[in-house]
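Data block below; observations after.
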Amino acid sequence: MLRNKTYPFYFTLLTLIVYTVFLVIPGIMGFYYSLTDWNSYSSEINFIGLDNFKTLFSSGEHYMSYVYNTLNFTVSTVVLKTALGLLLAIALNEGIKMKGFHRVMVFMPAIIPMLVVGLVFKSVLNPATGLLNETLRFIGLDFLAQKWLVDVNWAFKSIIAVDTWKGVGYIMIILLAGLQSISKSYYEAASIDGANIWHKFRFVTLPLLMPALVVTTVLNLLYGLKVFEAVYVLTNGGPGYATDVLYTAIFKEFSMGRYGVGTALSTLLFLFMTVAGYFVIRLMTKGEEQS
Amino acid sequence: MNKNVRSVLINGLAWVLSLTMLTPLLLIVVNSFKTQTEAAPMKLSLPTHWEWGNYSVVIEQGKLVTSFLNSLLYSATSTILGIALASVAAYIFSRNPTKLNKFFYFFLVLGIAMPINFVTLTKVMQYTHIINTQFGIIVLLTVISLPFTVFLMHGYIGSVPRELDEAGIVDGCSPFKLFYRIVLPLLAPVVATVGVLNFMNAWNEFVLPLYYLNDSGKWPMTLAVYNFFGQFQVSWNLVSADIVLTTLPVIVIYLLGQKYIISGMTSGSVKG
């Protein structure tokens, strides 16, 4: 066929090869290496069956709490960023002066490295000298001042809050773009039919904003499951193991040379995300074909 | 009247929001100009005396020149390589949607969801002899940018009319010349968007060098600032100055190219 001559497949080979070698193959290798005792102390690698997974699922270890934390982080940030982002987008949709300035400011945290955000908030959330507690004390709300990143009850919540601070602007801007693409005539028609604000939100805004909401949710989900820097910089899993998530645990296993267990954890995540990703990506590429 | 109250409220909310985003960054900027003792409580007050010297101390002690050049090298080369590899693949997948090409397009884009297995990737890096090398980091940064870049470009190429290709074929262009002389220039807008985004992502990358670069002389700015923080935790004035210098390049790029960045980061997602 002429098409195959004009647009030859081999043009894509280099792209496919590097992608496969450095992203897909390590993922697949994980299935084998998670069944071995691979570690940094011996050069021999022995097959040990499901022992690593037994370790992961045994009650004496912390691994299940890492899985729980990762899911907790993912669900919390998805809900917080979406709810806050939507609320702010609706509030700020119309009648804002200096729109450009606010847009630049609100989006700013999204482009700053998470590492820097983490360091900044290590200072802001410092129990003794941090800006947050100082401000709370200054306005007389002493009882609200907490040992944010040190207290077991607050550390994980603080990480979620910092991550929401960084991500909410981005989500808001996406939703704002979605809101502005909704034609005013729908709202006018709804008003004629006697709809109140809630009805307009429920039956006009929400359905028409659905595509954008699906996208932001997918973005937040993928990000949340892979979270590393936010936790690594703010608490490094502490106090104790209270705030460790999957990727920080994998890094710790890696640093300790326990590659087998690290791979097993990684492989669980790989399996879950690739299967879930299969359906999400199919949805994304389908939508593209139609448009 | 009612309208005025509403307007004041909304604009007030907008200002509160903007200030919430700005204040933590401002805090770092003012403290970067203080002395060590004045910066210790990390207050949001202007310095009594502006210590410009903090910056030269940081540049020397934090090896910022080397790490700045490293970051620049990694970000620029991986962006260019990524765009070259992604655009040609997206072009073929979009123009010639055979069963095989559709499958490989899906396979590539699936990478958006696929998490990296850093542990086994170490083995691959050892086999290919690029572990702890600058080239190795460039390769990895390029590879992780591919899935999303291919996805964005695929969508864009679909809207570039095919008639131009046909004109090129009639004029006797070879397949490769057709791509880089006729189609690639038409992709300029999406290349600009993707280029800025990928450059910033590469600049902000922390995890890959953390795993695969042991040699501090090869560290990018993110890793250098983290290490500097570890050493100088008590000197928040210096840490602040280091943070400012690390973040400045991204902020400058952001302010210059914010139209591309915001529209690129949102349009790519709203479309789906």
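The sequence lines fix the lettering, A, B, ..., with proteins before strands; numbering per chain opens at 1.
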Please state whether the side chain, the backbone, both or neither of [X] comes within less than 4.5 Å of a heavy atom of chain A.
| X | value |
| --- | --- |
| B/T98 | side chain |
| B/T122 | side chain |
| B/T247 | side chain |
| B/T23 | side chain |
| B/L255 | side chain |
| B/I130 | side chain |
| B/V239 | neither |
| B/F104 | both |
| B/L146 | side chain |
| B/L110 | both |
| B/L100 | side chain |
| B/I169 | side chain |
| B/I10 | both |
| B/S240 | neither |

Review point. Do you know the tightest heavy-atom contact between A/M105 and B/S18?
Key: CB-OG, 3.7 Å
Review point. Which heavy atom of A/F107 sits nearest a heavy atom of A/G169, and at what distance?
Key: CD1-O, 4.4 Å
Point to revise | Qualifying residue, where the test is ring-ring contact (aromatic ring centres under 6.0 Å, His included) with A/Y247 and the options are B/F206, B/F118, B/Y211 | key: B/F118
With a 4.5 angstrom heavy-atom cut-off, which part of [X] approaches chain B: side chain, backbone, both or neither?
| X | result |
| --- | --- |
| A/F254 | side chain |
| A/F121 | side chain |
| A/Y232 | both |
| A/V218 | neither |
| A/L265 | neither |
| A/L16 | side chain |

Between the main-chain N or O of [Y] and the side-chain N or O of [X], is there a donor-acceptor pair closer than 3.5 Å?
| X | Y | result |
| --- | --- | --- |
| A/T274 | A/F270 | yes |
| B/N117 | A/S266 | no |
| A/T267 | A/G30 | yes |

Study note, to complete from the structure: Counting heavy-atom pairs under 4.5 angstrom with chain A, the leader among B/L22, B/L121, B/L108 is B/L108
**Study point:** Top of B/V250, B/I243, B/L17 for chain A proximity - count of heavy-atom pairs under 4.5 angstrom
**Key:** B/L17
Study note, to complete from the structure: Heaviest contributor of heavy-atom pairs below 4.5 Å to chain B, chosen from A/G277, A/A91, A/S123, A/P109, is A/S123
Practice item. Determine the interplanar angle of the A/F101 and B/W15 rings, folded into 0 to 90°, and report it as parallel if under 30°, tilted if 30 to 60°, perpendicular if over 60°. Key: tilted
Review point. What is the ring orientation for A/Y278 with B/F106, classed by angle as parallel under 30°, tilted 30 to 60°, or perpendicular over 60°?
Key: perpendicular
Exercise for review: Could you tell me if the ring centre of B/F176 sits under 6.0 Å from that of A/F11?
Suggested key: yes
Review point. Taking C-beta and beyond as the side chain, do A/Y33 and B/V119 meet within less than 4.5 Å on heavy atoms?
Key: no
Check your understanding: In residues 222-230 of chain A, which residues are in contact with chain B at a heavy-atom separation under 4.5 Å?
Key -> A/L222, A/K226, A/F228, A/E229
